[in-house]
Amino acid sequence: LPGPRLVLRRAFAGATVHDAFNLLTVLTLLPLEIGIGAVQGEGGPLYWLSKTIVDAVMGQDDIGFEAMEEKPPLTLFSPLAKLVISNNQDVVNALAIGVPAALSAMAVNETLGCLPLSRRLDLDDERWPSDAFLPSDEVTMQAKRDDAFGPRPKRRLETTDCSQYYCIGARLDELFAKLGPDAYYRELTECSGFISPEDEDACGSHKCYLNAGTYYVEHVEQARVLENGLFFGAGDTAGGIMALLLALGLLMGGLFSMCRLLKMLLLDTTEEAVVRVARLEDWSAIFVGLVMTMIVQSSSMTTSALTPLCASGALPLAKMLPMTLGANVGTTVTALIASIAALTPNAVQIALCHLFFNFIGILIWFPVPCMRRVPLGAAEYLGLYASHFRLFPVLYVLVAFLATPLLLLAVSFVFHVSAPAGVATLVALALMLCAFEIWWCCLGGAYRVLPLEAREAGRPAIEVSSSVRGESSSCAGTAGDPAGDDTTVDDTVAGEDSPAEAGEPSDSAPVGEIVAV
């Protein structure tokens, strides 16, 4: 069996090749989406490609709403999970829809208890006769009120503010009824008769309520998310944190157990089957990853199952990449099924964006060998540093999945506050990044962090297929040995002018390391 350092290097490279592909695809497509969206006003290629398909198939209107189908694993373990924590899904769905927007009424019916508007409409407006609500004659007043507002509502409001109203969609209205069956009929006040017909028409097919905002606060925002389970008594915040910690513990225990079982299986009769999978053509490996993910409905589960195989050497990194790409495409199937269940244009469009993001990324970074070696090289160098610095995986997770998103959110917030300040912040960050890259890649910073001898010690850590080795070397313009069994991603990246052949550290880092940085 290989040593612990070699195992860690292979495992971390196999786990991060998926990250490298996603990051490269984001860096390629996101600027296009932002740039074209800023010029055109709506969105970029992914937006228009998905929108065109949705508009052609579904049009602009929602076809209907059906409850989303649960995943098979969720259906199987849901009763056990509810013993630990049970959420009020209606509250969660209402929170996901968001607070309804308040609209300003143009005019109100003061005879039913509405407070006068601070700015009244011109009395000459033909929609509102000047004597429509003057109590000179009860019969005449009633007739004119009916002409202006329609039939009288069933109940008269006490003096209240009718200056704002809310348009509530069918889904949120359904959740309102579920969250407060009695309050729904007792507290919510429909707009009919209290505001002008023109204001009511602005809601279209949606329901119009005067006090939907207050109802949302009382029955959604102030409602408890946890409705049962072991952690119910701890409250929403503390119970949620304890349930999260329990879930993380079970997840890590499950992954550890799965790794141990896979290791036992590899040492038994199934090692030959794994080797056969590793010998598949690259496009066949993508299909295998896709099918695996469609079965388990989780790309994370697929990647977690493949990482121990990559660590043991049974699955080369060059085969790990296409299988994780297949997992990327396979996980979009779940989103597509959910969007079809919801059957709304926005839901289907988002699912299609997810699908096309992965398709376009695969077409950019996989078919051409010299493009494919970029994510492979990046993952190889991440594995290299992980094998020499034991805290590197923790640092990588904190930077990639916590610090970087928080930094981007901060930049976005600065843009919202002031566009010039946002541009200045973005330029400053870009200059800092460029300065670091120049030091790391051109001034020998990489070899100061990890000396040449340590890099050369782990050369044969990750194997690649001969076709990728040979073609990627030719793409890079180097003279790598396509037929050599010991050629690695390092060899194809560094080429003839690698520091090993020069005998001393070069002034620039290889391409794969630049991507990793």
Side-chain angles (χ1 to χ4, degrees), residues 15-16 18-47 50-51 87 91-101 216-217 220-221 225 236-238 240-241 243-245 247-248 251 299-300 303 328 331-332 335 338-339 346-347 349-358 360-361 375 378 382 391-437 440 514-517:
T16 55
H18 178 249
D19 300 341
F21 167 80
N22 282 338
L23 177 60
L24 289 168
T25 306
V26 169
L27 293 177
T28 304
L29 297 182
L30 183 60
L32 288 176
E33 291 291 320
I34 295 177
I36 296 176
V39 173
Q40 190 271 335
E42 291 193 52
L46 288 177
Y47 172 83
S50 58
K51 180 177 175 58
N87 297 330
V91 173
V92 174
N93 291 335
L95 290 172
I97 293 175
V99 181
Y216 185 91
V217 172
V220 177
E221 292 184 346
V225 176
D236 288 349
T237 302
I241 293 175
L244 176 62
L245 294 177
L248 291 176
L251 176 62
S299 60
S300 299
T303 306
N328 263 13
T331 195
T332 64
S339 67
N346 287 340
Q349 185 175 354
I350 292 173
L352 288 176
C353 284
H354 187 197
L355 176 65
F356 291 137
F357 171 85
N358 288 288
I360 295 175
L382 289 173
L391 291 179
F392 181 82
V394 177
L395 180 64
Y396 169 79
V397 171
L398 293 177
V399 172
F401 301 108
L402 183 62
T404 301
L406 289 178
L407 179 62
L408 294 178
L409 283 175
V411 173
S412 177
F413 176 76
V414 174
F415 264 102
H416 282 290
V417 174
S418 172
V423 172
T425 304
L426 196 60
V427 170
L429 290 174
L431 291 176
M432 293 171 59
L433 180 61
C434 290
F436 176 78
E437 289 284 355
W440 184 271
I514 295 175
V515 176
V517 175

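Count residues from 1 along the sequence.
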Does a side-chain heavy-atom distance below 4.5 Å link [X] with [Y]?
X: Ile360; Y: Leu46; answer: yes
X: Phe392; Y: Leu382; answer: yes
X: Val225; Y: Val92; answer: yes
X: Leu426; Y: Val414; answer: no
X: Ile36; Y: Pro45; answer: yes
X: Phe357; Y: Thr332; answer: no

For the atom pair [atom1] ([X]) and [atom2] ([Y]), what is the distance rounded to the nearest 0.5 Å?
X: Tyr396; Y: Asp19; atom1: OH; atom2: CG; answer: 3.5 Å
X: Lys51; Y: Asn346; atom1: NZ; atom2: CG; answer: 8.5 Å
X: Asn328; Y: Leu355; atom1: CG; atom2: CG; answer: 11.0 Å
X: Leu27; Y: Leu32; atom1: CG; atom2: CG; answer: 11.5 Å

So which atom in [X] and which in [Y] form the shortest heavy-atom distance, rounded to 0.1 Å?
X: Ala94; Y: Val220; value: CB-CG1, 3.7 Å
X: Ser339; Y: Ala347; value: CB-O, 3.4 Å
X: Glu33; Y: Gly44; value: OE1-N, 3.1 Å
X: Pro375; Y: Phe21; value: CB-N, 4.3 Å

*Decide whether Glu42 and Tyr47 meet the rule of one side-chain donor and one side-chain acceptor closer than 3.5 Å.*
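A donor-acceptor contact under 3.5 Å links the two side chains.
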
Side-chain polar contacts of residues 398-408 - donor-acceptor pairs under 3.5 angstrom, sequence neighbours left out - could you list them?
{"unit_1": "Thr404", "atom_1": "OG1", "unit_2": "Val399", "atom_2": "O", "d": "2.7"}

